Amino acid sequence: VIGVDLGGTKVLAGAVDRGGRVLARGRRTVRGLDRDGVLAEVAAAVREAVEGAGPAGPPGALCIGVPGLVDAGSGEVRRCVHLPLEGLHVQAALEELVAVPVVVDNDANLAGLGEARAGAARGSHLALLLTVGTGVGGAVIVEGAILRGASGFAGELGHTTVDLDGPACTCGSRGCLEVLASGPALAVAALRAVAVHPGSALAGEDAVTGARVTELARAGDPAALAAAGDVGRALGAGIASLVNALDPDVVVVGGGVLGLGELLLEPARMEARARTLAAERVRIVAAELGEEAGMLGAAMRAREAVGA
Ligand SMILES: [Zn+2]
């Protein structure tokens with residue numbers, strides 16, 4: 001089977017055998033492309049993975065994770081902030097290009113599935129996944145299966161409200177986790193912290209990114225460390241609401257901002273513990289599968305689709 005993880009900047013395809021081993025990978029860049037361009041690059045990444053797998057034979061199914069709100073039944077993308085795919089029936093469009101049965105799902109749902117079956121949430125009864133990067137993706141995995149909800153859109157954990165009157169979010173709400181605990185939020189928090197820590201290396205820098213703040217925090221820069229603490233606390237407050245609602249045994253945190261490691265996770269744990277009713281049992285841990293989580297989860301979903 002083929003697992004595909006489509007992100008706002010790049011696409012990763014993997015040809016995966018029955019034992020879950022990745023036989024070959026294909027990678028392409030999709031940033032700035034139009035709809036047809038994105039689909040063409042996805043198809044090219046898939047071909048690269050299939051050809052790399054060599055004698056394994058043609059794949060039985062393909063599952064692709066898309067960064068947006070996806071109707072898992074029809075394969076239609078309902079909302080997609082980072083790529084021009086809104087309204088597209090990805091399933092039909094991609095089947096024409098790759099001649100393999102296609103299943104479409106939300107990217108974070110698939111990363112959650114990967115972590116629950118083969119990563120940091122192995123053996124869990126109820127796992128939450130938060131991918132903290134440019135935005136915040138989420139998934140709820142119950143006994144190793146994606147929780148869908150009444151209309152198929154469960155798991156949008158990044159739009160949990162943390163601050164009633166906080167900054168505007170792309171979803172139309174305000175003060176969501178996505179605007180308070182993401183890569184861009186880290187940069188905003190760091191620039192704010194420079195006023196208190198004028199000796200920071202960030203003083204005088206104008207194009208600050210989450211990656212730059214992460215690098216400086218690891219080097220001990222005071223403003224960057226303060227920002228990591230602020231973002232960690234916001235993340236913990238969001239996690240607390242989710243823990244109170246769902247009582248998971250594990251919360252897995254992945255995504256680019258996790259380059260901060262414990263500098264992010266420790267304040268998140270403290271804040272979550274202070275705001276939950278029965279949090280002693282909940283583990284808040286780093287993801288284990290890294291950038292392959294979504295691709296591996298997609299391959300698992302594809303295997304289910306062909307019943308093999
Ligand atoms: Zn939102």
Side-chain angles (χ1 to χ4, degrees), residues 1-16 22 24-31 33-51 53 57-114 117 131 135 137-141 145-156 292-308:
V1 293
I2 304 292
V4 182
D5 185 26
L6 177 58
T9 56
K10 55 191 190 303
V11 56
L12 170 66
V16 180
V22 183
R25 295 169 177 80
R27 287 188 179 81
R28 287 289 190 283
T29 305
V30 294
R31 188 202 284 275
L33 299 178
D34 63 10
R35 175 176 293 191
D36 287 346
V38 170
L39 285 170
E41 290 307 302
V42 169
V46 168
R47 270 194 300 274
E48 192 179 323
V50 171
E51 283 162 15
L62 178 155
C63 175
I64 179 169
V66 176
L69 209 54
V70 178
D71 186 325
S74 70
E76 183 190 354
V77 179
R78 296 283 188 85
R79 275 180 53 85
C80 192
V81 177
H82 304 292
L83 292 169
L85 300 180
E86 264 175 33
L88 178 70
H89 282 77
V90 174
Q91 185 176 353
L94 203 53
E95 275 177 352
E96 244 173 63
L97 293 175
V98 298
V100 176
V102 171
V103 180
V104 186
D105 212 320
N106 169 267
D107 60 345
N109 275 347
L110 296 172
L113 192 64
R117 292 190 185 170
T131 54
V140 182
I141 309 292
I146 299 165
L147 180 77
R148 299 287 179 191
S151 48
F153 303 122
E156 291 293 334
E292 303 234 299
M295 181 269 282
L296 293 169
M300 292 169 189
R301 182 83 184 79
R303 193 164 302 286
E304 283 177 359
V306 288

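Quick caveat, the model's predicted, so the values are computed rather than measured.
Inter-residue side-chain proximity for P67 and L83 is flagged as met; some heavy-atom pair is nearer than 4.5 Å. Here the side chains of L6 and V38 are in contact, with some heavy-atom distance below 4.5 Å. Put simply, the side chain of V100 does not reach to within 4.5 Å of the side chain of I2, judged on heavy atoms. Looking at heavy atoms from C-beta onward, S74 lies in side-chain contact with H89 at the 4.5 angstrom threshold. The shortest distance between side-chain heavy atoms of R301 and N109 does not fall below 4.5 Å.
Nearest heavy atom pair, residue V1 against residue A302, reads CB-CB, 3.9 Å. The two residues V102 and E95 make their nearest non-hydrogen contact at N-OE2, 2.9 Å. Nearest heavy-atom pair, C63 versus L110, reported as atom, atom and distance to 0.1 Å: SG-CD1, 3.9 Å. In terms of heavy-atom proximity, A61 sits nearest to V306 at CB-CG1, 3.2 Å. Of all heavy-atom pairs spanning G112 and A139, the tightest one is CA-CB, 4.2 Å. Between V140 and G155, the closest heavy-atom pair is CG2-CA, 4.3 Å.
With rounding to the nearest 0.5 angstrom, the NE2 atom of H82 is 10.5 Å from the CZ atom of R31. With rounding to the nearest 0.5 angstrom, the CD atom of Q91 is 12.0 Å from the CD atom of E96. For the atom pair CD1 (I141) and CD1 (I146), the distance works out to 5.0 Å, reported to the nearest 0.5 Å. Note that the CD atom of E48 and the CZ atom of R27 stand 8.5 Å from one another [nearest 0.5 Å]. Taking NZ from K10 and CG from D5, the interatomic distance works out to 8.5 Å, rounded to the nearest 0.5 Å.
Not a single donor-acceptor pair under 3.5 Å links the side chain of T131 to the backbone N or O of A108. When atom types are taken as modelled, the side chain of N106 and the backbone of G68 share a donor-acceptor pair closer than 3.5 angstrom. The backbone N or O of E86 sits less than 3.5 Å from a side-chain atom of R35, completing a donor-acceptor pair. With R303 contributing its side chain and V16 its backbone, the two residues share a donor-acceptor pair below 3.5 Å.
The salt bridge (charged side-chain N to carboxylate O under 4.0 Å, His left out) test applied to R148 returns D105, not counting sequence neighbours.
Taking 4.0 Å as the cut-off between side-chain N and carboxylate O, R117 and E304 count as a salt-bridged pair.
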Step-by-step side chain to side chain contact (heavy atoms under 4.5 Å, CB included) determination, V66 to V104: CA-CA 7 Å; V66 176; V104 186; 3.9 Å; yes

Stepwise, does the side chain to side chain contact (heavy atoms under 4.5 Å, CB included) test hold for L39 with L33? CA-CA 9 Å; L39 285 170; L33 299 178; over 6 Å; no

Should V4 and L12 be marked as a side chain to side chain contact (heavy atoms under 4.5 Å, CB included) after you check the CA-CA gap, both sets of side-chain angles, and the distance that decides it? CA-CA 6 Å; V4 182; L12 170 66; over 6 Å; no

